[in-house]
Amino acid sequence: MHKEKQSLIFEITKEGRIGYSLPELDVPAVELDDLLPEGYKREEPAELPEVSELDIMRHYTALSNRNHGIDSGFYPLGSCTMKYNPKINESVARYPGFAHIHPLQDESTVQGAMELMYDLQTHLEEITGMDCMTLQPAAGAHGEWTALMMIRAFHEANGDHHRTKVIVPDSAHGTNPASATVAGYDTVTVKTNEKGLVDLEDLKSVVGDDTAALMLTNPNTLGLFEEDIVEMAKIVHDVGGKLYYDGANLNAVMAKSRPGDMGFDAVHLNLHKTFTGPHGGGGPGSGPVGVHKDLIPFLPKPVLVKEDDVFKFDYDRPQSIGRVKPFYGNFGINVRAYTYIRSMGPDGLKAATEYAVLNANYMMRKLEPHFELPYKQHCKHEFVISGSRQKKLGVRTLDMAKRLLDFGFHPPTVYFPLNVEEGMMIEPTETESKETLDSFIDAMIQIAKEVEEDPEVVQTAPHTTVVSRLDETRAARKPVLRYTKES
Ligand SMILES: *Cc1c(COP(=O)(O)O)cnc(C)c1O
């Protein structure tokens, strides 16, 4: 990789140069001055660059090349399942019958789109073992909150007003306690034991008749399967609490085991992760929620139903928590997920899970001699190593993450989960070849060597990117969103 020296568009501006050609005006000219009310008019002309079409093309293409995406390189960002997004999904989502419909169209004119949603729900019910699904939530965290609101409505319908607590293990994803708080609950933390799993004794000591629910991420954020899940379900159900399954990590268990069979009452999925919706740039997600039959009356409305082969939105749901999203969810992402499920088939989905787990274990064992591995058992789709050994030599996990950029890789998730010192959470996914896995492993081993022999090269990385270390706090708090000559 070379350091890119690209002139910014304002630096190559030449007075009078234009990037467009328009036909001659064949209607009466209108003075802009006559159209705009006072106060809307500029006092000075805008400072726009004057460049040719080719210049502007090169400008934007160069900017796009500075971005790292799954289509440009390996992206092992733990907990995010940055797998390949098959391009067939894109062509199907662009079918005019899907892409050009209006959400206010009469139901009779969009039966095909409704059938797709209905079929997708049915497939997801089968995959999760739940009784009914809603496609409304727009992201994982939104799904968590939606499910908690249904659980709250369930308890209230039973006159159970004293259930104010949601139990969240310390190995949960950060959105879990956040969603519980937004849903109006107090969160209670349960500890992880020496194996990296929920401590059953600690769980028993915190459950009670004030427990509304337990939220469990499985596999947890250490990439470990919660072995005692059936016993946990019993502990929580025995006190009348509900069980919530954070299914964002479904890529580790899809077509192998089902939250419904483990006794869960609600689960959310991240279609933009496991089911190949493109994500990472803050684009639209989809976080459907599946529920056990007890919670069906509380589903967001409208509920999609099929009567005599006709699809309808049922608004007559007196116990519903209401709508959680305008219209019916992020339809385009749901089309992509449907396409993925149908093109993979049940055997394909099972194979994806098996390769995701195999790839993660392969990488974990190859890296084990070079980095501290706090939890030694086999992992599921991701694993967490610690940079504690390197920290003793003066190099932080952040430095190693930055150094990976010089090798053309997106770094793993760092400093998460919080219960691992200098953690690096690595999720290779099933769509990467052995060659790609090996080249990432080689880069990590080389970085570990550099830490011992030439730590400065790591401490001052990255060396090949357009910009080096940024002040990330300032970038978030005081973003410069407009380029001006002065800035
Ligand atoms: C990604 C993730 C979430 C949150 O999903 P968003 O779509 O980002 O809101 C929740 N839990 C886990 C385990 C996740 O990996």
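We count ligands from 1, going down the list as the structure has it; atoms in each ligand are counted the same way. Any value given below was found using the heavy atoms of this structure, including those in side chains, with hydrogens, waters and symmetry copies removed. The chain is numbered in sequence order, starting from 1.
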Which pairs of N or O atoms, one from ligand 1 and one from the protein, are separated by less than 3.5 Å, and what is the distance for each pair?
unit_1: ligand 1; atom_1: 5 (O); unit_2: Asn270; atom_2: ND2; d: 3.0
unit_1: ligand 1; atom_1: 7 (O); unit_2: Gly140; atom_2: N; d: 2.8
unit_1: ligand 1; atom_1: 7 (O); unit_2: Asn270; atom_2: ND2; d: 3.1
unit_1: ligand 1; atom_1: 7 (O); unit_2: His272; atom_2: NE2; d: 2.7
unit_1: ligand 1; atom_1: 9 (O); unit_2: Gly140; atom_2: N; d: 3.3
unit_1: ligand 1; atom_1: 9 (O); unit_2: Ala141; atom_2: N; d: 2.8
unit_1: ligand 1; atom_1: 11 (N); unit_2: His173; atom_2: ND1; d: 3.4
unit_1: ligand 1; atom_1: 11 (N); unit_2: Asp246; atom_2: OD1; d: 3.2
unit_1: ligand 1; atom_1: 11 (N); unit_2: Asp246; atom_2: OD2; d: 2.6
unit_1: ligand 1; atom_1: 15 (O); unit_2: Ser79; atom_2: O; d: 2.9
unit_1: ligand 1; atom_1: 15 (O); unit_2: Ser79; atom_2: OG; d: 2.7
unit_1: ligand 1; atom_1: 15 (O); unit_2: Lys273; atom_2: NZ; d: 2.7

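- Annotation: side chain to side chain donor-acceptor pair (under 3.5 Å) contacts of Gln390 (sequence neighbours excluded): none.
- A distance below 6.0 Å separates the ring centres of Phe98 and Phe331.
- Applying the salt bridge (charged side-chain N to carboxylate O under 4.0 Å, His left out) definition to pairs two or more places apart or across chains, those involving residues 320-348 are Glu90-Arg336.
- Applying the salt bridge (charged side-chain N to carboxylate O under 4.0 Å, His left out) test to every pair with at least one member in residues 364-375, sequence neighbours left out, gives these pairs: Arg365-Glu368, Glu372-Arg389.
- A side chain to side chain contact (heavy atoms under 4.5 Å, CB included) with Pro137 is found for exactly one of Glu144, His268, His142, namely His142.
- Under the 3.5 Å distance criterion, with hydrogens and angles disregarded, no donor-acceptor pair is assigned to the side chains of Asn359 and Thr429.
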